[in-house]
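For reference, the structure discussed in these notes is given below.
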Amino acid sequence: AKAAPAAKKAVAKKAAAKPSKAPAKAAKLPAGMAAAKDGKPALYKKAPAKADDLKVIKGVGPGLEGTLNDLGIYTYAQVSDWKAKDIAWVDGNLKFKGRIVRDEWVKQCKSLAKGGGVS
């Protein structure tokens with residue numbers, strides 16, 4: 001009966017141990033892409049060698065694809081990584097407010113980035 005409390009103390013002591021002080025490695029961005037900052041998502045400075053056809057995303061036509069490209073958005077992987085602040089920034093630069101969430105761009109792009117289709 002005494003072994004169980006000792007085991008619990010050992011587990012609790014391990015859990016309370018200080019986390020590693022080694023800095024977390026930053027994800028490596030593709031060439032030509034600037035890191036996210038000031039509420040902006042990670043954006044390309046110029047078109048990458050391999051851009052995705054953003055018109056495959058439901059709700060994106062040729063005009064909207066051009067606008068996204070003008071903002072530095074060219075790939076499904078970029079869109080699939082967007083968080084709420086990224087969505088807010090892009091949405092603020094579009095004429096079609098709310099389209100990103102309404103048409104579930106992030107969900108679609110997670111599938112597209114993995115080689116799947118949109119549903």
Side-chain angles (χ1 to χ4, degrees):
K2 289 186 178 185
K8 285 183 181 178
K9 284 182 182 178
V11 170
K13 191 172 184 178
K14 269 188 174 178
K18 292 181 181 178
S20 171
K21 293 186 179 185
K25 289 185 178 180
K28 185 172 178 175
L29 294 172
M33 185 182 270
K37 64 179 181 179
D38 299 329
K40 292 181 183 181
L43 303 171
Y44 281 95
K45 297 173 188 174
K46 62 179 185 171
K50 186 172 188 228
D52 292 322
D53 181 3
L54 300 180
K55 296 182 300 297
V56 173
I57 303 167
K58 289 180 184 177
V60 177
L64 194 47
E65 181 182 47
T67 301
L68 291 169
N69 292 168
D70 289 344
L71 293 173
I73 301 159
Y74 292 91
T75 68
Y76 306 135
Q78 280 177 280
V79 178
S80 71
D81 288 340
W82 286 352
K83 307 294 183 235
K85 64 180 176 52
D86 304 320
I87 292 169
W89 184 85
V90 176
D91 196 52
N93 286 281
L94 301 179
K95 294 178 185 173
F96 308 103
K97 304 289 185 224
R99 172 153 279 172
I100 299 168
V101 173
R102 185 172 52 251
D103 290 337
E104 299 181 316
W105 288 8
V106 174
K107 181 180 175 184
Q108 290 181 60
C109 286
K110 284 181 192 272
S111 175
L112 290 165
K114 292 178 184 176
V118 294
S119 53

Considering all heavy atoms, the nearest Lys50-Thr75 contact: O-CG2, 4.1 Å
Do Ile57 and Asp103 have side chains that get closer than 4.5 Å, going by heavy atoms? no
Side chain to side chain contact (heavy atoms under 4.5 Å, CB included) for Asp53 and Glu65? Distances and angles first, verdict last. CA-CA 8 Å; Asp53 181 3; Glu65 181 182 47; 3.5 Å; yes
Non-hydrogen atoms of Tyr76 and Asp52 that approach each other most closely: N-OD2, 2.7 Å
Trp105 vs Trp82 aromatic rings, parallel, tilted or perpendicular, using cut-offs 30° and 60°? tilted
With side chains defined as the heavy atoms from C-beta onward, is the minimum distance between Val79 and Ile100 less than 4.5 Å? no
Is it the case that the side chain of Lys85 and the backbone of Lys40 share a donor-acceptor pair, with hydrogens and angles ignored and the cut-off at 3.5 Å? no
Would you sort out whether Asp86 and Val106 count as a side chain to side chain contact (heavy atoms under 4.5 Å, CB included), showing the intermediate values? CA-CA 11 Å; Asp86 304 320; Val106 174; over 6 Å; no
Verify, without hydrogens or angle tests, whether Gln78 (side chain) and Gly72 (backbone) share a donor-acceptor contact under 3.5 angstrom. yes
Considering residues at least two apart in sequence or located in another chain, which fulfil the side-chain contact (heavy atoms from CB on, under 4.5 Å) criterion with Asp81? none
Is there side-chain contact between Trp89 and Leu43, with at least one heavy-atom pair below 4.5 Å? yes
Is the backbone N or O of Gly63 less than 3.5 Å from a side-chain atom of Thr67, with the two atoms forming a donor-acceptor pair by type? yes
Would you name the heavy atoms of Ala113 and Ser80 that are closest together and state the gap between them? CB-OG, 4.4 Å
For Asp91 against Gly98, the heavy-atom pair lying closest together: OD1-N, 2.8 Å
In Å, rounded to the nearest 0.5 Å, how long is the span from CG of Leu68 to CG of Leu54? 6.0 Å
Go through it in stages, so that I can follow the logic: the residues are Arg99 and Leu64, the test is side chain to side chain contact (heavy atoms under 4.5 Å, CB included), and I'd like the CA-CA distance, side-chain angles, deciding distance and then a yes or no. CA-CA 11 Å; Arg99 172 153 279 172; Leu64 194 47; 3.9 Å; yes
